[in-house]
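Below you'll find the structure, written out as structure tokens, and then a few comments.
Within every chain, numbering begins at 1; the chains are lettered A, B, ... in the order of the sequence lines, protein sequences first and strands thereafter. Because the structure is a prediction, the values reported are computed rather than measured.
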Amino acid sequence: MLTLFLLLPVTGAVLSLFLPEEKQHDAKWIALVFSGAAFAVSVVVFALFNASVPGYQFVNTFEWIAASDAGFRIRYTVGVDGLSAPLVLLLGLLSVVSVLVSWRIEVKAKQYFAWLLFMETAVAGVFLSLDLIQFFLFWELELLPMFMLISQWGSGRRLYSATKFLIYTLAGSAFMLVGFLVLGATAGTFDIAELTAKPVTQAVVPLTFVFWAIMLAFLVKLPTFPVHTWLPDAHTDAPTAVSVMLAGVLLKMGGYGIIRIALPLLPQQAHDSRLILASLAGFSVLWGAVITLRQTDLKRLVAYSSVSHMGYVLLGVSAMGSLGLSGAAMQMFTHGTITGLLFVVVGLIYDRTHTREISQMSGLMHRMPVVGTVFVIAGLASLGLPGMSGFVAEMTTFLGSLDAHPVATAAGIFGVVLSAGYILWTVQRVLHGPATDRWKELTDATSWWEVTAMASLVFVILAVGIYPALLTTAVQAGIAPIAQIMEGVS
Amino acid sequence: MLLPHIPEAAVWAIYAAPLISFLVIVVALRTRPLLAGRFTIGAIGVAWLLAMWALDTSIGLGGEPAAFHPHHWLTLFKLDVEFGLRLDGLSAVMIAVVTSISLLVQIYSTGYMAGDGGYARFFAFMSLFTMSMLGLVMASSLLQLFIHWELVGLTSYLLIGFWFHRPSAAAAAKKAFIVTRFGDFGFMLAVVLIWVKTGTFDIAEINHLAHAGEIAVPVLTGFVLGLFAGAAGKSAQFPLHFWLPDAMEGPTPVSSIVHSATMVAAGVYLLLRFFGAVEAAPEGVRTTIAFVGAFTAIFAASMGIVATDIKRVLAYSTISQLGYMVMAIGLGGYVAAIFHLFTHAFFKSLLFQGAGSLSHATNTFEMPLMGGLRKAMPITYWTFLIGSLSLSGVFPLAGFWSKDEILADAWNHNILLWLIGTAVAFMTALYMFRAIFLTFFGDYKGGAEPEHGSHGGHASHPHESPASMVAPLLILTVGAIFFGFFNVGGMFGHFVEGALAPELRHFEFEVNPVVLVVSTVAALAGIGVAAAIYYAQRPQSSVIRGALGPIPGVVEHLYYVNEIAEDGVVRGLLLGVGKLAAAFDKYVVDGIVNGIGQATRLVGSGLRLTITGQQQAYSSLYVLGVVVAVGALFVLGGGILERLAP
Amino acid sequence: MESPGIIIAFWVLAAVTVGGCLMVLVARNLLHALVFLVLAFLGMAGLFVTLSADFIAVAQILIYAGSIAVLMVFAIMLTPLAARDNANSLYLLPALAAGLGIAGLVSVVAVITPWSELKGDALGQSDPVTTVSAIGDLLLGRYVLPFEVASILLFFALLGAIVLVHERRGPREGS
Amino acid sequence: MLGLSVTLAHYLVVSALIFGIGTVIALSKRNAVAVLMGVELMLNAVNLTLIAFSRFSSAFGQNGQPLSGHVFVVFVLTVAAAEAAVALAMAVLVYRQRETVDLDRINLLRG
Amino acid sequence: MSVLATALYLGPAALLYLGAGVVLLADLIHGRRAVTGLLTLVTLALAAVWAVLQIGGGAQGPILGGAIVVDSFSLYFTFLLTAVTAAVVVGTSEWAAKVEDRGEFYSLLLVSVGSMVLLVQSNDLITLFVALETTSLAQFILAGITRNERSSEAGLKYLLSGAVAAAVLLYGFAFLFGMAGTTSLPGIAEFVRHAGDGLRLPLILAFVFVAAGVGFKMAIFPFHAWVPDVYQGAPTPVGSYLSVASKAAGFAVVLRLFYTGLGGAGTPITHDWAMLFGVFAAASMLFGNVGALVQTNVKRILGYSSIAQAGNIAVGIAAVAAQGTVGPSGVLFFLGTYAATNLGAFLAVNAVSERLGSDEITSYAGLFKRAPMTAVVLSLCLASLTGLPPTAGFIAKVYIFNSAIQTGEVWLVGLVAIAVVNTAISAFYYLRWVRTMILDDPEDATPIETPGGAQGVLLLASAAVLFFGLWPAPLILLAQQAAAALLPA
């Protein structure tokens, strides 16, 4: 089942590459069909996921590299638990959305969709892998499509941004590999479940180094101050769909990695680092928020807000307790939907106005009520309005982290206040105000693909906000064993 | 009493009715505005009827909480969030107030908003607001309360910015939300803190624990101050008061309900809801609350005296009256606070609707553009006058009774606060009658031209508003006149005290003659001064202005609070820090990254120079490499130094 | 090797050889350098003789002093327009450092290593009259494979040299 | 001087000196043919080392093959000759194209 | 030992030499009409088949007084070298058709590869030396075979640098021989294992000299400087042959020398050896990658990149400190995948450069439009060189780094850290190139034909790159078996 989820997008990618040149606009249909099928699979997985069964489910495994000695026994193992199941669902959904918002891609369409689908497979692999080397493989696999997508279909200084993304991520993941190898060499296995069951306590290099080597990659991906500056650039110059995927699922790879690997595999070191992590988290929240306040570029603004919001993930993690971790896990899901939606909307606006400068816009609500309304909904969700998914996640995070890190939590809560500031100010400048002649010709987003993309995300945001048990059941099942490990450490 | 005990479902229905109205409008009635209005009125009418039933039940229970069981909303590890209903004296009164005023305002709005392009949207938002407000007051859990608290804030935002094409409205909406959010920072901290320390969100339990001394003092202090910060934001207490006047950019019905009667009272309600905790908090905390309230009261009143926009006058008045209530809470005057909240809701709603009626005729809220409307709009005039008298605390109108209750509490506890309160009573009468004299007396100044697309009539010939607007005025006037009598003898007080733990109930109705006389004299003095200056024009207002030097200027600039907040805090501090942070990102973080990149390339260019194209260079490098390698290994691995040493 | 004849021979030959080498380095004219090179080769052959390596000494004279030197003369003659001076390139300093370094390191090792551990006189003990037959046995016995390969090497070196310098058959081709 | 015996170390030092000088020549001369001379000297030094070891080393006890060194030298000689032939051919080839064998000026490929 | 048995052992190399002669003869007799390319291929195929017969015929162990040894290690490389050479022959047949001295080219190629086969079988210093010099000499001539300015310059530089390297190598051999008293590698190993502390210095001297001599073939820092010039100047087929076959042979020799000749792990010099190659590896990676950043000529990029890759492989050499096959099997696996990868890259570049007449990276803009298959294959190979999944390069890097960390040495963890940072640097230039090809718009959109032979080889190479990226287990097992042959039983 999960292998199917992995293979569907890449199959679509290959098929779309083999389309004849003159039919390359049919690539979008291929992409839609395959990402849709993958989405269907992810829905089935999520629906069939049994929260009362401990451990991983839907496991597929076989011996991939069975080297005789040299400690290089690597299994192909995919499986989901309550932590990854929501992310898989999110990935399935956002992939469909990103195909939809790319509907009007004209330039090199078949390559575009091929890379997009390829990226879906790569990210899926990260969420599904239960083997460190396999995890690393997919982690690296995602780089190339991302680099290509930004550097070709982006705008502005796209090559610079793509390269920056690449270098940051590679620099981070490089050390992660070292960390993985040390762990694997010490334990004699790369299997995450085995390593979780029996954490390594002694290795050739101090385990603190190993922990930070691994964390660096995740912190870059998250991203956390001071390794965050690739994100605004990447977002700003990326095409809409890529921004959606980037904010929606790629950043989650960082948080997911922390919760799945860094914490349970090195609980003691994680525990010892919790103050640093909390400080980074609180700082990131505020740092991202104050910078967001003064952004004049719409996409950059949403990008910096992501820095702030992903700080909550780290905040929840740094509490190292069940609630904080659950909050972090939920925040990943909700941020994916909310910021994904924001990027969809911003992309739709950009498609029509061809500018991202906030100062150039005014009164767009008059011209595009649908887009405007969705923008407001996404914005409100982003600022943590109750009734929408973001609130539940943030609240859970704070409830989990206050006891451990009061100051960082206070900073986090203040970040919520600031988020209201930048979101509403943006809404005011972009949507409100008098309707100007310049945007007289703008049309609203009423095509089926645009409406579907927006509506599906709005639906998820509201559904989780109003009835969080949709998410929490799975999350609790996934977090419980990890929290147990972390709470057992002193 | 009259009716059987209300079932839980019926109480939920009070909450659900406006929600259904909202959903129906959003889904089906967007393009059928008239139907939307009627549907809203119907839904809120149902809610009102049920609210009356609930009130009746609650009275039957003597204000004691009805036994409803909470329901699980979110279960996650040790976090178990339960949502439920709390129907007791306090919430029953609030439910009744909210539904009543809401119903009247909806009716009023059908007239006021007639012809507006966003008619359906207006009623949708109004329904949503009513639902949120009801959810807020009925909540049995702190988190549930907080959620609706935020939703109320949202609807307030949406409604203030209802005419979003007006930059001022858009700005005001944003300001309202953000400023109250600053208060919510404290509230949210309080919510998180109390759960972390007690493990419960249940309001009754928190009150109980606090009162039983089972919450550590620092935690309790933090909790109460956090709640107070939230309350200060929502109830516009200094220094978070400055959003409320701007909020008058919203349609007048909105001001009438959201920004006078109900939402702004939510802060007061919050403190009352947690009265047990507030009482248990250290003395200093309560004193702080009382003084903040008192200061807000006099501070806002002073601005009310110089404002020229009638809605702003009323807004400052609202702030001032909320200050009263907050002061009362700080003084332990639970009943006084809620009683004033109750009466204030009616007469302030009435006054706002009166102001709306005025603008309906003149297309403006600027008092200098009105004048002499007494004859053209008699009903508006009379109802407005009664409302003003009630607000000023003139015997025997509603405001008299409730205000006196507060002043009596102040007299009993803190004479300084009583003095301030009395001064505010004087100022209240002064600014209200200044408004009356400026608008209803003298000559008509012609009003203003209608804005494009708005609802106004012909300003040159002002006339009385339609029945749909006048009828609510009349109904509210009844409240403004008579509702003060509810507490004569302490009936109201004992009822609302039913919501408290028994040991906290200490209300007794008493009449303090000194307070009564002094405040009445103060109010009458205020009316007299207003009449002298603005009716008789002896002395003329400009003369007084001159005599006061720079003070009126400062007041007219609202003590520069907006400037401090916007230019100082927002632009200077936040944006300044943002600018610095962005510069740090750009020059330091990116600088380092790009610097490393540049340095690497530079090193690359340098290394490239070693490949000179000349074979000797290559071989030299080769042999030198060998020499260095051998030498290094001799030293490191071979121990050559020891061997060479004699 | 205590015999004074050998000791004297060693020092003289060593001086000649090293001196010849130095002259190759410092000679101003390429052809003069070549002459000193031949001198060094001959000195080396003498050193071989002091080490009882008669066959090698002869081979040294034949191959080095003979054929290689002649080859070089041809090379110099075939490049008539090239400079005839024996100039140094820009890399004299690194070259000196490298040369001194390597000579120094090896010398130090040679001097301080307790070769006495290995001291013996293997050849002296057996002291064959000539090494020729023994070398021949080895070449056709134990080392027959490298021997055969060496012939291939020589053949293809020849072929290569021809390929490189033969006149073109037609107009220039290839990239 | 006559009292001293000539040992392995003597020969090794001589060979080291020759190797060093050869290195200097090979690395510093501009003319390709001169460079080749340096290389030949280096190879000669190696030969001397081999022969010296063959002569002196006690490693050649019962199992030792002292004459292997001599055989080695034979092969070195062979290779040196072949190498010289090819090198000189290459020099001539380069000369035909540029009328120089000055390595300082043969630097079309660089960087 | 009977003649037949000897022939069984010597078959592959002998066949290759014989083939060289036959090709030469055919060329002499038939001139330009001779099917020299085909003959070469047949020879290579026969040699490979013979290698299979060796396994079947039970040829195992040393012969000819220990001059060479046939074992799974040598077989691994025999296959690798013949396969690589065959791929070069097929992939560049179109280029070769235009070469004047085609027969000589093929003949020298066969001699070179035959000597390399001997080289990886060598069990004796003299055999090793002669084989090495034979293949080197052939390579020098091959580098200059087109005899134009660049080619001859490359040949001359290669030759003179190589001559110095050979002298240094020999000096090292001389010391090894002198101390051990034998030229046989096992004999030397026996000596090294029991060498007293007094001989430590000359031993270090000897093995550094030897390492330097072989390092020249491996092209690791600081013995690398000739690489960019020669890769650029020599004909691309020769460049690809050098970058893959010659490098592989270099690594094979260094492994053989260390395990069979220097006693393997656990001797007094093991640590020194490991440190030496650790430093060389780090320096190579840094030099190669940082140097490649500023290059604009694709052949030079590949040259610098091959220096960096040599650094990567040398990490495996540095990992010898551990007992077992950990280090060498990593090297063997890496070389196997690297052969496919780098050949793919070089042959693609050859195919393109032939048509474009330019090696500048800018002329690769929009190659995807002009020659889609070549561009895709080249991209795949570059991704593999970067070490991105799902290519073989990824597995190879992970495997070799893993082998370094498995040793449990702290400094090797540090070396791997340097290596992974270098991977990040290398992505910069590899992926820039990929992007240029795939995404940029070409100035001139006329399609570029890729010759059939080259197409086939490119497809095969990319198939191998992908196959070993997705299913590396078989090759890893082979590499481990081959490496096991190096260890004492």
Report yes if some heavy atom in the side chain of R142(C) is under 4.5 Å from a heavy atom in the side chain of V71(D); otherwise report no.
no
Heavy-atom closest contact (R55(D) atom, S52(C) atom, distance)
NE-OG, 3.1 Å
Can you find a pair of side-chain heavy atoms, one from L48(D) and one from L51(C), that are under 4.5 Å apart?
yes
Locate the shortest heavy-atom distance separating M44(C) from A45(D); write the atom from each residue and the value.
CE-N, 4.1 Å
At a 4.5 Å cut-off on heavy atoms, which part of L30(C) comes close to chain D: side chain, backbone, both, or neither?
both
For residues 21-33 of chain D, dump all side-chain donor-acceptor pairs below 3.5 Å to protein atoms at least two apart in sequence or in another chain.
from, atom 1, to, atom 2, distance (Å)
T23(D), OG1, F19(D), O, 2.6
S28(D), OG, N88(C), OD1, 3.4
S28(D), OG, V24(D), O, 2.8
K29(D), NZ, L25(C), O, 2.6
K29(D), NZ, N86(C), O, 3.2
K29(D), NZ, N88(C), OD1, 2.8
R30(D), NE, D102(D), OD1, 3.4
R30(D), NE, D102(D), OD2, 3.2
R30(D), NH2, D102(D), OD2, 2.6
N31(D), OD1, V33(D), N, 2.8
N31(D), ND2, A83(C), O, 3.3

Interface moiety of L34(C) toward chain D, non-hydrogen atoms closer than 4.5 Å
both
Between L62(C), L22(C), L100(C), which has the largest tally of heavy atom pairs under 4.5 Å with chain D?
L22(C)
Would you confirm whether R96(D), through its side chain, and V165(C), through its main-chain N or O, come within 3.5 Å as a donor-acceptor pair?
yes
If we define contacts as heavy-atom pairs under 4.5 Å, which of F156(C), F41(C), F48(C) has the most with chain D?
F48(C)
So, the part of V79(D) with a heavy atom under 4.5 Å from chain C: the answer is both
Do V73(D) and Q60(C) make a side-chain contact, defined as non-hydrogen atoms from C-beta onward lying under 4.5 Å apart?
no
Looking only at heavy atoms and a cut-off of under 4.5 Å, which of L47(C), L93(C), D137(C), V111(C) has the most pairs with chain D?
L47(C)
Non-hydrogen atoms of chain D under 4.5 Å away: do they reach the side chain of I63(C), the backbone, both or neither?
side chain
Who wins among I56(C), I162(C), L37(C), V106(C) for the most heavy-atom pairs under 4.5 Å with chain D?
I56(C)
Pick from A95(C), A157(C), A103(C): which one has the most heavy-atom pairs with chain D under 4.5 Å?
A95(C)
Shortest non-hydrogen pair, L138(C) vs S68(D), comes out as CD1-N, 3.9 Å
Would a 4.5 Å heavy-atom cut-off, applied to side chains only, mark I18(D) and T17(C) as touching?
yes
Atom group of Y64(C) that falls short of 4.5 Å from chain D, counting heavy atoms
side chain
Tell me which of these, T79(C), I68(C), V24(C), has more heavy-atom pairs under 4.5 Å with chain D than the rest.
T79(C)
Verify whether the ring centers belonging to F10(C) and Y11(D) lie closer than 6.0 Å.
yes
Between L103(D) and chain C, with a heavy-atom cut-off of 4.5 Å, which part of the residue counts as in contact: side chain, backbone, both or neither?
neither
Examine whether an atom of A40(C) lies under 4.5 Å from a heavy atom of chain D, and if so say whether it belongs to the side chain, the backbone or both; otherwise answer neither.
side chain
